[in-house]
Amino acid sequence: EPEVTQTPSHQVTQMGQEVILRCVPISNHLYFYWYRQILGQKVEFLVSFYNNEISEKSEIFDDQFSVERPDGSNFTLKIRSTKLEDSAMYFCASSGDTRWAFFGQGTRLTVV
Amino acid sequence: GESVGLHLPTLSVQEGDNSIINCAYSNSASDYFIWYKQESGKGPQFIIDIRSNMDKRQGQRVTVLLNKTVKHLSLQIAATQPGDSAVYFCAENYTGNQFYFGTGTSLTVIP
């Protein structure tokens, strides 16, 4: 069964540092997403990406965040100058010809 | 913004019984809804979806009901099994590709 893979599974970083979360979407999918889930809270949409550009972003996705598809298989989320409140599970997802998306297992980001 | 909420944060059922998980949504413009299942340590997994032009959709052991009049969505799981223990999220879509998730209901199946 195809799956979305994310690395690392857990990332610990110091406040103020930059982190890059990596994702390999399902190979024939064209739409890519990042969501986050703060512990005990809802899964929140961050950004969607299609045709090598951002198609939508939420209010959360400010200048601190950026996404990139550096090659034909990876999709990354960069968080600059991390804050304590950035600690969360970050989920990558991808979709092809369905409106619903396949999610990865997540990266737990801990900012200390 | 609009929110999707769940009535019950936890639900415990006996193995073999049917489970009903409820969800209230607040945006009448939502035209597409999804139920996701999230097991511990894993990402959300698609279960079933429904468009707003339908009021019921059935899958394997699962049924989603949509009541647009009261903006209510439910997930029914027949003959609940221990492997069904997870957190269940509903999500709604009313603009572009953004999905708005509910808080989640934790389902525990008692053997």
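The chains referred to below are lettered A, B, ... by the order of the sequence lines, with proteins before strands, and numbering in each begins at 1.
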Can you tell which part of [X] gets under 4.5 Å to a heavy atom of chain B, answering side chain, backbone, both or neither?
X	value
A:Tyr31	side chain
A:Ala93	neither
A:Ser95	neither
A:Gln6	neither

| Between A:Arg99 and B:Asp49, is a side chain to side chain contact (heavy atoms under 4.5 Å, CB included) present by the stated rule, with each step listed? | CA-CA 9 Å; A:Arg99 280 177 80 172; B:Asp49 59 354; 6.0 Å; no
Crowding at [atom1], [X] (>12 non-hydrogen neighbours, <6.0 Å):
X	atom1	value
A:Leu39	CG	no
B:Met54	CE	yes
B:Gln14	CD	yes
A:Lys83	NZ	yes
A:Asp63	CG	no
B:Lys68	NZ	yes

| request: Starting from the C-alpha separation in whole Å, work towards a yes-or-no answer on side chain to side chain contact (heavy atoms under 4.5 Å, CB included) for B:Tyr36 and A:Phe103. | output: CA-CA 10 Å; B:Tyr36 277 100; A:Phe103 279 73; 3.4 Å; yes
Can you tell me how far the [atom1] atom of [X] sits from the [atom2] atom of [Y], to the nearest 0.5 Å?
X	Y	atom1	atom2	answer
B:Phe89	A:Lys42	CZ	NZ	11.0 Å
B:Phe99	A:Ser48	CZ	OG	10.5 Å
B:Gln45	A:Phe102	CD	CZ	9.5 Å

How close do [X] and [Y] get, heavy atom to heavy atom, and via which atoms?
X	Y	result
A:Phe91	B:Gly43	CE2-CA, 3.5 Å
A:Phe45	B:Asn97	CE1-O, 4.3 Å
A:Ser58	B:Gln98	CB-OE1, 4.4 Å

| request: Answer with yes or no after comparing the ring centroid distance for B:Phe101 and A:Tyr35 against a 6.0 Å cut-off, counting only values under it. | output: yes
| remark: Turns out that what part of B:Gln38 lies under 4.5 Å from chain A's heavy atoms comes down to side chain
| message | Please rank A:Glu56, A:Gln41, A:Gln105 by heavy-atom pairs under 4.5 Å with chain B and give me the top one. | response | A:Glu56
